[in-house]
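What follows is a set of notes on a single structure, which appears directly below.
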2 protein chains.
Amino acid sequence: MHGNIRIGKDERRAAIMEVAREEFLREGYAAASMSQIAAKVGGSKATLYAYFPSKRDLFFAVVDAESATLMDDLYRVDENGTDVRVTLAAFCRRFISLVLSDEVSAFDRIVIAESVRFPEIGQAAHQFGYKRGIDRMEALMRMGMDAGLLRRADPHTAAEYLLNLCSGHLHKLRQWNILSDVPPAQIEAQIALASAAFLALYGNDEMAAEARTFFG
Amino acid sequence: MHGNIRIGKDERRAAIMEVAREEFLREGYAAASMSQIAAKVGGSKATLYAYFPSKRDLFFAVVDAESATLMDDLYRVDENGTDVRVTLAAFCRRFISLVLSDEVSAFDRIVIAESVRFPEIGQAAHQFGYKRGIDRMEALMRMGMDAGLLRRADPHTAAEYLLNLCSGHLHKLRQWNILSDVPPAQIEAQIALASAAFLALYGNDEMAAEARTFFG
DNA sequence: CATATTATGTACTGTACAGTACGGTTTACA
DNA sequence: TGTAAACCGTACTGTACAGTACATAATATG
């Protein structure tokens, strides 16, 4: 009667998580409803609870998956050439664009909001995202230092600071839901500013002097 | 922005708001309960609703008040002397300490979490806090530039960047609820780092050179 | 075809909450 | 001392939700 095509368990699970992801990201944990999710999946609540024993479990599954994919995007370092400056700029571009995107924004909001009730979430974001990302970037920093483009310093701290510089003014405005769409020109400006600030702090004397012309 | 002041009975109103503030900051909007608040105030729900027509109104009243007091603390510039460097360092110390405190942390979390459902909140935080704070700091920047300690640049952008530099690594960890208590030594390190970074970017050549020794 | 598994809709339980109704009680004050 | 406003407790309405029960239908496997 209802020509429902039977699909494999994994696919159904994926479909549930996809819908749940949208609901949780848009509504937050409390306001998202299991009945709503079941309805949008097209199945029934009974089936939903057959796959995930509780709302909490579904939420955690979604957050873990999203954490893995997003963080993998966020902290990717494309070593696309020999020039460390190019790699650095490419990283800033990717990172800043993503940080200001709807998806990362929404996810970040959820993590911050729910990390009080569910501390595991904040720890996951830190351990599997941020920390791992910085570890990856250490290699990039070392390359720059070995090439003489960056000052000799603790590469871990340097990586940490690059990320810090990338999350700027626009990020705050997005967190407060003031900017819904960020004009590309502003993103470009933010990228240039973050790169320049980083080079002014960690670049060799020559690069730092050049970068400092950005500030004044 | 929500001036609904009743004549007389100010103490009771204040008592309600004090309790509501604690509840909202600890539980968030959804999980905070009006019955709970009424009980903790010592009164009844009828009285509570006599003062605030709805949960939403009470929430807004609390957020507005908290916004005003917190932001006033956060963005205060103590011009306690003639030396701009001292004023600058004092500002960093005050700002960073407050940003990492329980109160500001909790409030920031609420604003981020609820600015989706209540966009007015994010706008209030921006308009009456952040924006106004930066306007105040512009004066400080101008002083530094006039004194020749800072490079000539747009004082507004410079002020914006100082704030940006102050919200560092530790702020992220607090947002994710990983650090509950921040060791004072780490706070001091963060203060020194932010000051140094700012001077390396916006300080005159002499100060910038000195500040850059911090990085490597 | 027989049987075990899985999906289905519907309707239920229990709970928690915002907001209201109301009759009685305290307080302010004239 | 009288009166009106403010307050109180309690119990209520209506709603929304997580999670469950159950009887039925579709599918797979043998």
Side-chain angles (χ1 to χ4, degrees), chain A residues 1-63 110 113-114 116-118 120-121, chain B residues 2 4-63 110 113-114 116-118 120-121:
Chain A
M1 169 173 186
H2 301 90
N4 273 320
I5 303 148
R6 194 121 180 165
I7 51 182
K9 285 185 75 173
D10 290 349
E11 289 170 38
R12 182 158 223 108
R13 198 185 153 89
I16 291 173
M17 284 184 58
E18 174 56 28
V19 171
R21 171 185 168 276
E22 285 168 19
E23 289 297 302
F24 282 131
L25 285 188
R26 195 179 54 247
E27 304 287 346
Y29 179 78
S33 137
M34 292 294 268
S35 304
Q36 192 78 218
I37 291 171
K40 290 200 176 176
V41 168
S44 77
K45 268 170 75 169
T47 310
L48 179 53
Y49 277 93
Y51 280 88
F52 298 94
S54 74
K55 187 182 186 181
R56 199 187 112 108
D57 285 281
L58 176 54
F59 183 57
F60 275 50
V62 167
V63 167
I110 297 291
E114 306 300 345
V116 179
R117 213 166 301 273
F118 304 117
E120 304 96 314
I121 290 177
Chain B
H2 228 261
N4 192 12
I5 300 156
R6 292 228 176 139
I7 25 173
K9 313 307 164 203
D10 285 351
E11 287 174 32
R12 184 160 220 106
R13 198 187 153 89
I16 291 173
M17 283 184 57
E18 173 56 30
V19 171
R21 172 184 167 276
E22 285 167 20
E23 289 296 302
F24 282 132
L25 285 188
R26 194 178 55 247
E27 305 286 347
Y29 179 77
S33 136
M34 292 294 267
S35 304
Q36 193 76 220
I37 291 171
K40 290 201 179 178
V41 169
S44 77
K45 267 170 75 169
T47 309
L48 178 54
Y49 275 93
Y51 280 88
F52 298 94
S54 73
K55 186 182 187 181
R56 200 188 112 109
D57 285 282
L58 176 55
F59 183 57
F60 275 47
V62 167
V63 168
I110 297 291
E114 306 299 344
V116 179
R117 212 166 303 273
F118 305 116
E120 303 95 314
I121 290 178

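Naming: A, B, ... by sequence-line order, numbering from 1 per chain.
- Mapped onto DNA chain D by nearest heavy atom, B/Gly43 and A/Lys55 fall at different nucleotides, with B/Gly43 at the one closer to the 5' end.
- Between the P atom of D/dA5 and the OH atom of B/Tyr51 lies a distance of 15 Å, rounded to the nearest Å.
- Contact record, A/Glu23 with A/Ile37: CG-CG1, 3.7 Å, taken as the closest heavy-atom pair.
- Atom pair B/Ile37:CD1 and C/dG19:C1' shows a separation of 14 Å (rounding to whole Å applied).
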Taking only N/O atoms, report every protein-nucleotides 11-16 of chain D pair under 3.5 Å with atom names and distance.
none

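- Annotation: the span from B/Lys55 atom NZ to B/Leu48 atom CG amounts to 11.0 Å, rounded to 0.5 Å.
- In this structure, CG of B/Asp57 is placed 14 Å from P of C/dA18, rounded to the nearest angstrom.
- Taking atom CG on B/Leu58 and atom P on C/dA18, their separation rounds to 11 Å, with Å as the unit.
- Side-chain N/O atoms of A/Arg12 include one lying less than 4.0 angstrom from OP1 or OP2 on C/dT8.
- Nucleic acid contact for B/Ala32: sugar-phosphate only, since backbone atoms but no base atoms lie under 4.0 Å from a heavy atom of the residue.
- Using a 4.5 Å heavy-atom cutoff, the side chains of A/Tyr51 and A/Met17 are not in contact.
- Of the possible donor and acceptor atoms, one in the side chain of A/Arg117 sits under 3.5 Å from a partner among the backbone N and O of B/Glu27.
- Taking 4.5 Å as the limit, every side-chain heavy atom of B/Val41 sits out of range of all side-chain heavy atoms of B/Thr47.
- In this structure, B/Ser33 OG and B/Lys40 NZ are separated by 9.5 Å, a value rounded to the nearest 0.5 Å.
- Residue A/Ser44 places none of its side-chain N or O atoms closer than 4.0 Å to OP1 or OP2 of C/dA7.
- Residues of residues 19-29 of chain B having a heavy atom closer than 4.0 Å to DNA chain D: none are found.
- Nucleic acid contact for A/Ala50: none, since no nucleic acid atom lies under 4.0 Å from a heavy atom of the residue.
- Taking 4.5 Å as the limit, every side-chain heavy atom of A/Phe24 sits out of range of all side-chain heavy atoms of A/Val63.
- Nearest heavy-atom pair across B/Gly28 and B/Ile110 is CA-CD1, 3.6 Å.
- For B/Ser35, counting side-chain heavy atoms from C-beta on, the closest listed nucleotide (D/dC7, D/dC8, C/dA18) is C/dA18.
- Contacts of A/Phe118 classified as ring-ring contact (aromatic ring centres under 6.0 Å, His included), with partners at least two apart in sequence or in another chain: A/Tyr29, A/Phe59, A/Phe60.
- What separates CG of B/Leu48 from P of C/dT20 is a distance of 12 Å, to the nearest Å.
- For B/Ser54 and C/dA18, the shortest distance from a side-chain N or O to OP1 or OP2 is not below 4.0 Å.
- In terms of position on DNA chain D, the residue among B/Gly42 and A/Pro53 whose nearest nucleotide sits closer to the 5' end is B/Gly42.
- Between A/Met34 atom CE and D/dG19 atom P there is a gap of 6 Å when expressed in whole angstrom units.
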